[in-house]
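Before any comments, here is the structure.
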Amino acid sequence: MRKDAHGTTPAQPPPAKLQRALLRWYDAEKRDLPWRGTKDPYSIWLSEVMLQQTRVDTVRPYYQRFMETYPTVFALAEAPLERVLGDWSGLGYYRRARMLHAGAQQIVRDFGGELPREVEALRSITGIGPYTAGAVASIAFDVRAPLVDGNVARVLARIFGVEEDVRGGAGRARIWQIAESILPQERAGDFNQALMELGATVCSPSSPRCGPCPVRGMCVAFASGEPERLPNMAPKAKPRPWKRAALVATLGADRVLLARRKRDLLFGGLWEPPTLDASNDRDEGDGARLLALAGVKAEVPVRAGEITHVLSHRKMTVEVYRAELRSAHATLGQNQAGASLDEGDGEYDAIEVVARTSAMRRGMSTLARKVLRAGGIEVNMGRSEGEATK
DNA sequence: AAAACGGGGTC
DNA sequence: GACCCAGTTTT
């Protein structure tokens, strides 16, 4: 059984109680939106597609205009794509409009102009993914189909105390499983909308207004005192800054290019295979020269704050990194003269080509391979220089 | 798994 | 002005 941070087992809200509380709240508090109060599957499909990645207030006028211009799936299917795109203009994500148009034609061709009621059939329509299929099935047809969007994921993660990353595989699957398990027999569509409405108006991402929340009494996150701590969103795909790395590989099997870091830098005075920040203009000086010397033009993505040992390509702490660099330094010999570089504000003040020790061999070739491949360059390690092929 | 997709919002 | 938002398709 899963335990929370306090080592206790979170109580699972009884579905019946949750269903009653949410539906009751929804009936009383739901916003009056143009696509509410219709059961027309086409209207609901249209509104759901428009609402993908788009705020309610932005969608509102577009929805009303579309319903006037294209009142039926046939009208939409027969309209020229150019006109549909024109009417979509300003909503963004124009692929949605293309898929909507193609989907309408598909519905006319494959389903006689009627949207199917089953999730599986809906999923076959272009532009209808897991969320939209659940939305149309449940809202238009009251099929007991679950649905998960960003709001639902947040609300359910909080109520049920889901600690797993709701974007990742396990957490995502768990949210969908919960969403299905709590669906009422009746009014599945309203229940799904209640979850989304709660997320949109009460259970907001950063500062949920738990006061008026109809289900705070059965909410694990509320009980924890820090409801905003959930859901856990995995470290959002961190943008990976690009670094250019000049490497030893193309100097051949037995030689290594090293550069001495300037004294006032981190690891100052130590030698390392030069790694250069390509996003930094300063590297135009030393950097370009080092790259030319190494004969390598490749880029490798490096995560900010992460230290990758340039000799072994192992991830490590700063302390270990420093120790290993010192050790490499000692191995190479402090009396290596080193060709001095012109004064610049780059990171290095000297370069040297030295014999590659056996201790370096494996790590370096691994690193070289990786970096060169990242740069779109195929390598044949162990061969003489110049044999790297595209 | 991750990027691309387009606007608009917030901090 | 960078950062965040959130489904579907594509790679």
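Proteins come first, then strands; the chains are lettered A, B, ... in the order of their sequence lines, and each starts at number 1.
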Fill in the blank from the handout: Output for pair (M67(A) CE, D40(A) CG), nearest 0.5 Å, gives 5.5 Å
Practice task
Give, ordered by number, those residues of residues 95-108 of chain A having at least one heavy-atom distance below 4.0 Å to an atom of DNA chain C; if nothing qualifies, reply none.
Solution key: R95(A), M99(A)
Exercise for the section: Take the protein atom CZ of R154(A) and the nucleotide atom C1' of dA6(C), then report the distance between them rounded to whole Å. Expected result: 11 Å
Practice task
Using side chain to side chain contact (heavy atoms under 4.5 Å, CB included) as the criterion, list what pairs up with F141(A), not counting sequence neighbours.
Solution key: P41(A), R117(A), V136(A), V143(A)
Exercise for the section: Indicate if Y131(A) and V119(A) have the same hydrophobic cluster label, given that clusters are the connected sets of ILVMFWY residues with side-chain heavy-atom separations under 4.5 angstrom. Expected result: no
Handout entry: Selection: residues 120-137 of chain A, any non-hydrogen atom under 4.0 Å of DNA chain C
Key = T126(A), G127(A), I128(A), G129(A), P130(A), Y131(A), T132(A)
Exercise for the section: Please state the P separation for the pair dG6(B) and dG1(C) - nearest whole angstrom. Expected result: 24 Å
Problem - Sorted by number, the residues of residues 42-62 of chain A with heavy-atom contact under 4.0 Å to DNA chain C - result: Q52(A), Q53(A)
Handout entry: Value in whole Å for how far the C1' atom of dC4(C) lies from CZ of R167(A)
Key = 10 Å
Problem - Closest-nucleotide 5' rank along DNA chain B - winner of G169(A) and G92(A) - result: G169(A)
Problem - Carboxylate-amine/guanidinium proximity below 4.0 Å for D57(A) and R60(A) - result: yes
Practice task
Take atom P in dC11(B) and the same atom in dA6(C), then report the distance between them in whole Å.
Solution key: 14 Å
Handout entry: Charged N-O contact under 4.0 Å between K39(A) and D142(A)
Key = yes
Problem - Nearest heavy atoms of I175(A) and A157(A), plus distance in Å - result: CD1-N, 3.9 Å
Problem - Within the 6.0 Å centroid threshold, strictly below: Y62(A) and W88(A) - result: no
Problem - Separation of atom OH in Y94(A) from atom C1' in dT9(C), rounded to whole Å - result: 18 Å
Handout entry: Side chain Y93(A) and base dA6(C) donor-acceptor under 3.5 Å
Key = yes
Practice task
Check side chain to side chain contact (heavy atoms under 4.5 Å, CB included) between E226(A) and all other residues, then give those that pass, not counting sequence neighbours.
Solution key: S224(A), E228(A), R229(A)
Completion exercise
For L183(A) and R144(A), the nearest pair of non-hydrogen atoms, with its separation, is O-NH2, 2.9 Å
Exercise for the section: Not counting sequence neighbours, which residues clear side chain to side chain contact (heavy atoms under 4.5 Å, CB included) with F222(A)? List them please. Expected result: C210(A), R216(A), C219(A)
Completion exercise
Correct closest heavy-atom pair for L122(A) and A133(A) would be CD1-O, 3.5 Å
